[in-house]
K.L.:
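This is the structure I want to talk about, given as structure tokens.
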Amino acid sequence: MADEDWDSELTAGPSFSFTPSFPKLETEKAFNYNERSNKGGEGEFPKNDGPSRRGFGANRGFGFKRGNRSDEEGSNLFGRGGFKGRNEDSGSDYGKGDSNGPQRNGGFSRRSFRDGNVEEEFGDKSAGRGFGHSENNFAQRRGRGTGARGTHGGFGRRDENNDEESQSGFGSRGGFGYESRGRGGGFRGRGDENNDEENQSSFGSRGGFGIQTCYEGRGRGSGFRGRGGYKGRNEDVGSDSGQFKNDYTLKSDEDRENDDKPARVTYVPPPPPDTEDGIFAHYQTGINFDKYDDILTDVSGINPPPAILTFEEANLPETLTRNISKAGYVKLTPVQKYSIPIVLAKRDLMACAQTGSGKTAAFLLPILAHMMRDGVAPHSLDLQEPEAIIVAPTRELINQIFLDARKFAYGTCIKPVVVYGGTQTFHSLRQIYQGCNILCATPGRLIDIIKREKIGLTKLRYLVLDEADRMLDMGFGPDMKVLVNSPGMPSKEDRQTLMFSATFPERIQSLAKEFLKSDYLFVVVGQVGGACSDVEQIIIPVGQHGKKDKLVEILQGLGIERTMVFVKTKKRASIHGDRLQKEREEALADFRFGKCNVLVATNVAARGLDIENVQHVIIYDLSDNIEEYVHRIGRTGRCGNVGKAITFFDTDDNEDRTVARSLVKVLSDAQQEVPAWLEEVAFSASGTFSSIGSTFASVDSRRGVSHVPGGHAQSAFATAEDDASWD
Ligand SMILES: Nc1ncnc2c1ncn2[C@@H]1O[C@H](COP(=O)(O)OP(=O)(O)OP(=O)(O)O)[C@@H](O)[C@H]1O
């Protein structure tokens with residue numbers, strides 16, 4: 001396999017300098033469910049005694065600017081970038097960007113690159129080009145020896161005169177970036193030593209997930225200087241697992257050329273907090289939480305069990321009940337009221353409920369209840385055979401689900417484990433080998449593990465597809481087929497399959513049947529694919545050229561309120577890229593924990609992420625897929641809290657026009673104001689829209705298709721090309 005050589009890693013042991021310490025594996029010990037004290041035992045997450053992950057380059061990745069700010073008009077930004085290669089584990093302080101080169105027109109005068117033992121400095125770059133291709137290429141060629149996965153790093157082409165497309169650089173795999181140049185109103189990258197405090201605390205942040213966030217305000221004008229075009233190298237995109245290449249990435253040809261011998265991924269994610277407070281940290285439900293009860297719920301299928309109204313009615317094991325209460329859950333949400341008894345009754349389920357309404361607990365709680373009652377398999381030192389597998393499309397989301405599973409399983413013998421791409425495989429395996437009852441995984445890493453027979457499937461009882469419509473579409477569908485056809489995988493008759501999402505296009509419902517027993521139940525809270533009613537949706541007509549100024553204006557108005565900005569990856573950009581997983585996680589953590597308050601994201605952050613107090617979502621580039629719109633705006637207005645989503649709609653853009661009718665439907669269904677101009681666009685766009693028919697035509701596709709007038713059940717699912725935007 002190209003990217004990661006598991007077998008050699010396992011036999012030779014890790015070759016990185018950061019070695020997390022784990023408790024010794026316990027000898028094999030059969031046990032049934034056995035509640036334990038809250039401390040110690042297998043319910044505990046092992047402490048990591050390794051060196052602090054914050055120690056090197058932490059928060060210092062590229063995109064992080066410590067540079068001098070030149071106030072000369074016309075000179076470029078970025079004093080220094082601090083390129084960071086892939087060798088996160090080297091303990092080096094690369095990425096700190098500690099040189100002090102004078103600014104030259106057009107970009108970086110110099111910067112420091114320190115990678116492991118190697119330190120390089122780059123000289124002045126030609127005017128009009130930022131630190132660009134040459135460095136990138138250099139980094140790329142560094143390859144394995146230095147651990148620099150340089151293709152991911154480095155700032156790409158920056159050209160004063162670039163148009164948006166050509167600005168999409170940021171290394172060969174950079175993120176989408178902006179650079180606001182309006183003094184006072186700008187956004188500042190963190191850590192510019194010349195900056196005053198006030199500016200630093202404005203919108204400074206770093207990107208993540210194909211994200212670059214905003215930077216330094218200065219000079220004049222308010223131009224955004226993108227550095228973008230991000231694409232990841234992970235299983236968040238469709239894979240070619242059929243060939244089992246262990247290359248679940250979409251790479252540009254250029255990437256592939258430069259990747260003839262790719263470096264091993266060495267990133268070991270920091271262990272999550274293991275104090276009780278950390279494990280049960282949660283945010284408050286909002287003022288509209290009780291209004292969930294007013295939403296109509298529909299259950300279709302034969303003989304559904306009755307809904308429950310309270311947690312007590314579910315008659316869950318004591319420890320689970322205690323954990324639910326520690327998590328701050330007092331009252332069930334509608335999807336939980338219906339789904340919990342269905343899963344407890346061992347029925348297959350497809351459940352569709354609005355974003356932020358508690359779908360995760362709706363599948364985790366009954367699965368855990370079953371496992372606690374029935375007992376889990378004895379921990380074997382050989383092959384781990386999880387009872388449950390949960391898959392989700394992105395690394396950050398699966399990690400979040402794992403943290404929820406760990407929370408609800410706290411104090412029990414049930415061991416949830418998370419594995420995902422972009423991290424060291426040896427680390428993933430270590431986690432699994434210590435015991436794994438619930439395996440949370442992204443598809444690529446999961447298929448890898450299965451194909452290499454690192455886990456067995458014969459004991460599997462539950463298969464959960466979160467964001468199921470995404471998991472079954474063209475990007476991940478093939479992986480899911482590989483999964484259910486893997487050796488040892490119980491047939492659908494012999495396992496319970498659960499699917500959850502806020503959107504379920506009809507076409508995907510049809511695909512889903514292949515994975516579900518024929519008598520599966522379908523729970524719909526509200527309307528299939530409906531937007532969360534707690535999100536105020538505002539659509540603004542903005543042309544491409546007005547977007548940047550508009551965004552600046554809006555963000556200035558919002559002040560410090562936590563905001564996610566969604567952009568679309570330039571599919572035709574010649575440069576694709578990603579960010580290191582470490583950087584993705586740091587960016588998310590910076591946003592989640594309030595270090596920065598604006599996160600600019602591609603669709604990779606559209607689904608599932610549950611971040612406290614995101615008050616605003618700005619859709620800078622409208623997705624041509626209405627489902628992604630619904631998910632994107634659902635990052636705010638969660639759990640009864642209110643939020644606001646502002647969407648830029650370019651009336652001259654064909655892709656935007658394509659979703660006009662679907663958008664009108666989503667707005668009106670959520671009792672939002674539909675601007676007259678949008679209705680006109682929607683009307684004139686008749687026949688060109690894509691997904692309204694398949695999304696909204698019916699509730700349960702088994703009841704038959706009822707097309708909306710003028711609609712047509714053309715596919716709403718992402719095309720293979722769309723997958724690029726997930727990275
Ligand atoms: N019954 C409950 N009481 C209080 N909080 C809850 C309850 N159920 C879920 N939550 C909280 O609500 C938030 C949203 O839940 P969750 O992430 O499961 O939503 P979701 O429906 O999966 O959203 P999305 O469609 O965006 O993935 C989480 O912080 C979760 O802990």
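Residue numbers run from 1 in the order of the sequence given. Whatever order the structure lists them in is the order used to number ligands and atoms, beginning at 1. Only heavy atoms go into these numbers, but all of them, side chains included; no hydrogens, no water, no symmetry mates.
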K.L.:
Taking 4.0 angstrom as the limit and counting only heavy atoms of Arg635, give me the atoms of ligand 1 inside it, by number and element.
P.N.:
26 (O)

K.L.:
Quick check: does Thr355 get an N/O under 3.5 Å from an N/O on ligand 1?
P.N.:
no

K.L.:
Apply side chain to side chain donor-acceptor pair (under 3.5 Å) to Gln400 and Glu396, showing your working.
P.N.:
CA-CA 6 Å; Gln400 186 180 290; Glu396 291 73 15; over 6 Å; no

K.L.:
Regarding Glu627 and Arg470, does a basic nitrogen lie under 4.0 Å from an acidic carboxylate oxygen?
P.N.:
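Salt bridge absent between Glu627 and Arg470.
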
K.L.:
What I want to know is whether Asp610 and ligand 1 share at least one N or O pair that is separated by under 3.5 angstrom.
P.N.:
yes

K.L.:
Under a 3.5 Å cutoff, is there a donor and acceptor pairing between the side chains of Arg445 and Ser428?
P.N.:
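Yes, because at least one side-chain N or O of Arg445 sits under 3.5 Å from a partner of the opposite role on Ser428.
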
K.L.:
With a 4.0 Å cut-off, would you call Arg592 and Glu612 a salt bridge?
P.N.:
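Here Arg592 does not pair with Glu612 in a salt bridge, since their nearest N and O are not under 4.0 Å apart.
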
K.L.:
Among the heavy atoms of Phe500, does any lie under 4.0 Å from an atom of ligand 1?
P.N.:
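Not so, Phe500 does not reach ligand 1.
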
K.L.:
At a 4.0 Å threshold, what atoms of ligand 1 neighbour a non-hydrogen atom of Glu467?
P.N.:
27 (O)

K.L.:
Where is the nearest protein heavy atom to atom 9 (C) of ligand 1: which residue, which atom, and how far?
P.N.:
Tyr329 OH, 3.3 Å

K.L.:
For atom 8 (N) of ligand 1, which protein heavy atom lies nearest, and how many Å away is it?
P.N.:
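The closest one turns out to be Gln336 NE2, 2.8 Å.
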
K.L.:
Should Asp624 and Lys568 count as an ion pair when the cut-off is N to O under 4.0 Å?
P.N.:
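No, Asp624 and Lys568 are not salt-bridged.
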
K.L.:
Distance to 0.1 Å, residue and atom name: give those for the protein heavy atom nearest to atom 11 (C) of ligand 1.
P.N.:
Cys639 SG, 3.5 Å

K.L.:
Measuring only between side-chain heavy atoms, which start at C-beta, is Glu585 closer than 4.5 Å to Pro270?
P.N.:
yes

K.L.:
Within the side chain of Gln496, is there an N or O that forms a donor-acceptor pair under 3.5 Å with the backbone of Arg461?
P.N.:
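Absent.
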
K.L.:
May I ask you to list the atoms of ligand 1 that are less than 4.0 angstrom from any heavy atom of Lys331?
P.N.:
1 (N), 2 (C), 3 (N)

K.L.:
Please determine whether any non-hydrogen atom of Gly356 lies less than 4.0 Å from an atom of ligand 1.
P.N.:
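Flag set, Gly356 near ligand 1.
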
K.L.:
I need the nearest protein heavy-atom contact for atom 21 (O) of ligand 1: residue, atom name and distance, please.
P.N.:
Lys359 NZ, 2.8 Å

K.L.:
Cation-pi check, Arg495 to Tyr462: give yes when NZ or CZ is under 6.0 Å from the six-membered ring centre and within 45° of the ring axis, no otherwise.
P.N.:
no

K.L.:
Atoms of ligand 1 less than 4.0 Å from Thr360 heavy atoms?
P.N.:
16 (P), 17 (O), 18 (O), 22 (O)

K.L.:
Any ion pair linking Glu628 and Arg607 (charged N to carboxylate O, less than 4.0 Å)?
P.N.:
yes

K.L.:
Which atoms from ligand 1 have a heavy atom of Thr285 less than 4.0 Å away?
P.N.:
4 (C), 5 (N)

K.L.:
Is it the case that Tyr283 and Asn641 place a side-chain donor and acceptor less than 3.5 Å from each other?
P.N.:
no

K.L.:
With atoms numbered from 1 as shown, which atoms in ligand 1 lie under 4.0 angstrom from a non-hydrogen atom of Arg638?
P.N.:
14 (C), 16 (P), 17 (O), 19 (O), 20 (P), 23 (O), 24 (P), 26 (O)

K.L.:
Answer yes or no: does an N/O atom from Leu332 fall short of 3.5 Å to an N/O atom of ligand 1?
P.N.:
no

K.L.:
Does the side chain of Asp469 pick up a donor-acceptor pair with the side chain of Thr503 at under 3.5 Å?
P.N.:
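Yes - a donor-acceptor pair under 3.5 Å links their side chains.
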
K.L.:
Looking at Leu320, Ile279, Thr319, which hits side-chain contact (heavy atoms from CB on, under 4.5 Å) with Tyr410?
P.N.:
Ile279

K.L.:
Relative to the heavy atoms of Gly608, which atoms of ligand 1 are at a distance of less than 4.0 Å?
P.N.:
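Answer, ordered by atom number: 26 (O), 27 (O).
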
K.L.:
Within less than 4.0 angstrom of ligand 1, does Ser357 place any heavy atom?
P.N.:
yes

K.L.:
Can a non-hydrogen atom of Arg607 be found less than 4.0 Å from any atom of ligand 1?
P.N.:
no

K.L.:
Would you mind running through ligand 1 and noting each atom that sits below 4.0 Å from a heavy atom of Gln354?
P.N.:
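Counting atoms of ligand 1 from 1, those under 4.0 Å from Gln354 are 21 (O).
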
